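Quick caveat: nothing in here was measured; it's all calculated off a predicted structure. Throughout, protein chains are lettered first and strands after them, A, B, ... in sequence-line order, and every chain is numbered starting at 1.
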Protein chains: 2
Amino acid sequence: MALGPGRTNGQATPCEFCPLRRRPNLRPFTPDELAFVKTFKSDELRIEPGESFLREGTQSEYLYTVLSGWAFRYKMLDDGRRQILNYALPADMVGLQGTVMREMEHSVEALTPLTLCVFPRSKLWDLYSRFPSLAFDITWLAAREEQLIDSHLVSLGRRTALERTAYLLLHLYVRAEEAGLAKNNAIQFPFTQQHLADTLGMSLVHTNKTLKRLLASQSVRWHNRMFEIINRKLLVEIAGEDMAENRPRPFI
Amino acid sequence: MALGPGRTNGQATPCEFCPLRRRPNLRPFTPDELAFVKTFKSDELRIEPGESFLREGTQSEYLYTVLSGWAFRYKMLDDGRRQILNYALPADMVGLQGTVMREMEHSVEALTPLTLCVFPRSKLWDLYSRFPSLAFDITWLAAREEQLIDSHLVSLGRRTALERTAYLLLHLYVRAEEAGLAKNNAIQFPFTQQHLADTLGMSLVHTNKTLKRLLASQSVRWHNRMFEIINRKLLVEIAGEDMAENRPRPFI
DNA sequence: CGGGTTCTTGACTAGTTTCAAGCAAAGTGG
DNA sequence: CCACTTTGCTTGAAACTAGTCAAGAACCCG
């Protein structure tokens, strides 16, 4: 307990039956690694939508892996302006910064009901000294996160509103697909236009109008949060860049 | 040799006499670590300004630590639009992404004459398995890089042109100061307004005009690339946020 | 002392935000 | 079950911000 927000859920999902591990693009554990991760995971947490379970400016004793649901990382300016930095999907790790740096430099909020595996930072050293393979995986995850933000930075700095919007939706679709959340080029997206606006660095109104333009291109549909790609080639063309998918990846 | 661009320089700077190691904010090595890093470093490279020694889309056999000089990471769009992602100063590591992911997702170009320590990725596993402390340091560096880009993303998404410019100049000044490149609130910056524009996600003209406004505030001076903070409190106020400095940090 | 790069400026155009208002869907409580 | 509130989506107009074009000035290098 005393984990801050959220409801603890004990070891509801034992690592050996981890549903993520069955996904084909996730690298398997050796038996040794599995045994260690079982002891590394100290708890399982349930977070409700809208709840921030990591907060900018606080210290974090834990890092988390998303077991199910969507979350997003964000930063706020003093006057309330918000920038969403990235989204976290199942198998993504959040909170590493807080355990490595002095304190969190961003917050993380649940977008849907969220299940998290909880890992105490106190055992992180153990992981690094006994399981270099897992240490390497953590580095891999950190490098990938950086790479995602890099692309996003290019969008905000150098892409037009339309390109940027197309790129983001394609990006989120591809990641959701990798996480097994999409079928038939369609997915139920959990975010509002305000979330998109705060991700794209645009106003809500302009986001709405840009979205209309994108829908008019007949490359995608989006009604009632249900998103569908109807002409991927065209969407890629508007976004200006395709993105790789389903590369094998680690997770912890 | 066959390292791509740049001129190899052998082991011109032995690790035990590394000039960076003398900086007070950099964590010291144990003798074991030092001995290992000496074998980890395979070469030293000299790069001329304007040369890109890591290129988007290529595979990289090496990672690098900046020994002296400035570099910048950037991405280009097909039509030539460029976004500068971040700058690398002495003690910063670049190229980790290329060794962890399949290939480089960004390029890195020298801004000044640059000296680099070269580490082959083939020995990275050795580092992870034998020196968890150094593995942890690499993770730390990756997490810090991500954190810097996060702040930058907030600038591009949610700060006004003036705030953004003030924030970037303050940020670069603080980092340069940590690297020992500034004295008396002044520093010779190596970049042009075009570099700033490509970092801030603005046009050259608008960057120039915004810079003028910032200079008019009397918080900073900038003539002939010589930058000086004359009213830090005011600059911080315009930037909207101060930044921590001189925290102890690792490097390899 | 040229010739190139960088910096500066003004005028015009395009893109984006803000303001304001209306609508639709979902949730709440008597 | 129906007002009532809340949240999210949509739209138009006005104001502002930023980009583009163009040209000249300043600086830098050989």
Side-chain angles (χ1 to χ4, degrees), chain A residues 48-51 70 72 77 79-84 109-113 155-166 168-169 188-216 220-227 238 240, chain B residues 48-51 70 72 77 79-84 109 111-113 155-166 168-169 188-216 220-227 238:
Chain A
E48 292 308 310
E51 229 181 323
W70 289 67
F72 61 92
L77 300 183
D79 60 3
R81 283 175 283 180
R82 176 176 74 170
Q83 178 64 46
I84 294 181
E109 178 177 321
L111 201 49
T112 66
S155 275
L156 295 212
R158 287 297 180 229
R159 277 193 246 262
T160 67
L162 186 64
E163 292 170 338
R164 208 187 292 190
T165 306
L168 177 63
L169 289 174
Q188 187 72 34
F189 273 152
F191 38 75
T192 66
Q193 292 190 4
Q194 183 66 64
H195 289 115
L196 280 190
D198 286 347
T199 311
L200 295 167
M202 313 192 307
S203 70
L204 174 59
V205 172
H206 194 232
T207 301
N208 179 277
K209 287 171 181 170
T210 304
L211 229 25
K212 286 274 125 142
R213 273 202 291 154
L214 184 61
L215 296 182
V220 300
R221 267 198 279 266
W222 189 19
H223 293 300
N224 300 322
R225 314 249 172 113
M226 178 56 74
F227 176 77
I238 297 171
Chain B
E48 292 310 309
E51 229 181 323
W70 290 66
F72 62 91
L77 299 183
D79 59 4
R81 283 175 283 180
R82 175 176 76 171
Q83 177 65 44
I84 294 182
E109 178 177 320
L111 201 49
T112 66
S155 276
L156 294 213
R158 287 296 179 227
R159 279 193 246 261
T160 66
L162 187 65
E163 293 170 337
R164 212 188 288 190
T165 306
L168 177 62
L169 289 174
Q188 186 73 34
F189 273 151
F191 38 74
T192 66
Q193 292 189 7
Q194 183 65 65
H195 289 115
L196 281 190
D198 286 347
T199 312
L200 295 167
M202 313 193 307
S203 71
L204 173 59
V205 173
H206 194 233
T207 300
N208 180 276
K209 286 170 181 170
T210 304
L211 229 25
K212 288 274 125 144
R213 273 202 292 154
L214 184 61
L215 297 182
V220 299
R221 266 197 279 266
W222 190 19
H223 292 301
N224 300 323
R225 313 246 175 116
M226 177 57 73
F227 176 78
I238 296 170

Student: Between Ser203(A) and Leu204(B), just flag the one whose closest nucleotide in DNA chain C comes earlier from the 5' side.
Tutor: Leu204(B)
Student: Using whole Å, what does the distance between atom P of nucleotide dT17(C) and atom CG of Leu200(A) come to?
Tutor: 10 Å
Student: Among the candidates dT16(C), dT8(C), dC9(D), find the nucleotide nearest to the side-chain atoms of Ala161(A).
Tutor: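 The nucleotide sitting nearest to the side chain is dT16(C).
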Student: Want to settle it: does Gln194(A) or Asn224(B) sit nearer the 5' end of DNA chain D, counting the closest nucleotide to each?
Tutor: Gln194(A)
Student: Where do Thr165(B) and His206(B) land on the side-chain contact (heavy atoms from CB on, under 4.5 Å) test, with the steps shown first?
Tutor: CA-CA 11 Å; Thr165(B) 306; His206(B) 194 233; over 6 Å; no
Student: Met226(B) CE to dC27(D) P: how many Å, rounded?
Tutor: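 Result: 15 Å.
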Student: Does Arg82(B) reach the side chain of Gln194(B), with side-chain heavy atoms less than 4.5 Å apart?
Tutor: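 Arg82(B) vs Gln194(B): side chains touch.
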Student: Specify the separation, in whole Å, of atom CE of Met202(B) and atom P of dA14(C).
Tutor: 21 Å
Student: Please check the phosphate of dG12(D) (OP1 and OP2 only) for any side-chain N or O of Lys209(A) closer than 4.0 Å.
Tutor: no
Student: Check the distance between dT5(C)'s C1' and His195(B)'s NE2 and give it to me in whole angstrom.
Tutor: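 Taking NE2 of His195(B) and C1' of dT5(C), I get 12 Å after rounding.
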Student: Distance check needed: dT17(D) P versus Arg159(B) CZ, whole Å only.
Tutor: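 Between P of dT17(D) and CZ of Arg159(B): 18 Å.
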Student: I would like to know whether Arg164(B) and Leu168(B) meet side-chain contact (heavy atoms from CB on, under 4.5 Å); could you show each step before the answer?
Tutor: CA-CA 6 Å; Arg164(B) 212 188 288 190; Leu168(B) 177 62; over 6 Å; no
Student: Whole angstrom is fine here: how far is it from CH2 in Trp222(B) over to C1' in dA26(D)?
Tutor: 15 Å
Student: Which part of the nucleic acid does Thr192(B) contact within heavy-atom distance under 4.0 Å: base, sugar-phosphate only, or nothing?
Tutor: sugar-phosphate
Student: Would you mind telling me which of dG19(D), dC9(D), dT18(C) lies closest to the side-chain atoms of Gln193(A)?
Tutor: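 Between dG19(D), dC9(D), dT18(C), the one nearest the side chain of Gln193(A) would be dC9(D).
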Student: Can you find a heavy atom in the side chain of Leu196(B) that is under 4.5 Å from one in the side chain of Leu211(B)?
Tutor: yes
Student: Without decimals, in angstroms, what is the distance between Arg158(A) CZ and dG15(C) C1'?
Tutor: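 Spelled out: CZ on Arg158(A) to C1' on dG15(C) is 15 Å.
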Student: Using whole Å, report how far CG of Leu111(B) lies from P of dT6(C).
Tutor: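 Whole-Å distance recorded here is 11 Å.
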Student: Does any non-hydrogen side-chain atom of Phe72(B) lie less than 4.5 Å from one of Phe191(B)?
Tutor: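 Phe191(B) does not reach Phe72(B) side chain to side chain.
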Student: OP1 or OP2 of dC9(D) less than 4.0 angstrom from a side-chain nitrogen or oxygen of Asn208(A), does that happen here?
Tutor: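 Negative; the distance criterion is not met.
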Student: Report the residue (Lys212(A) or Arg213(B)) whose heavy-atom-nearest nucleotide on DNA chain D is the more 5′ of the two.
Tutor: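 Its nearest nucleotide lies further toward 5', so the answer is Lys212(A).
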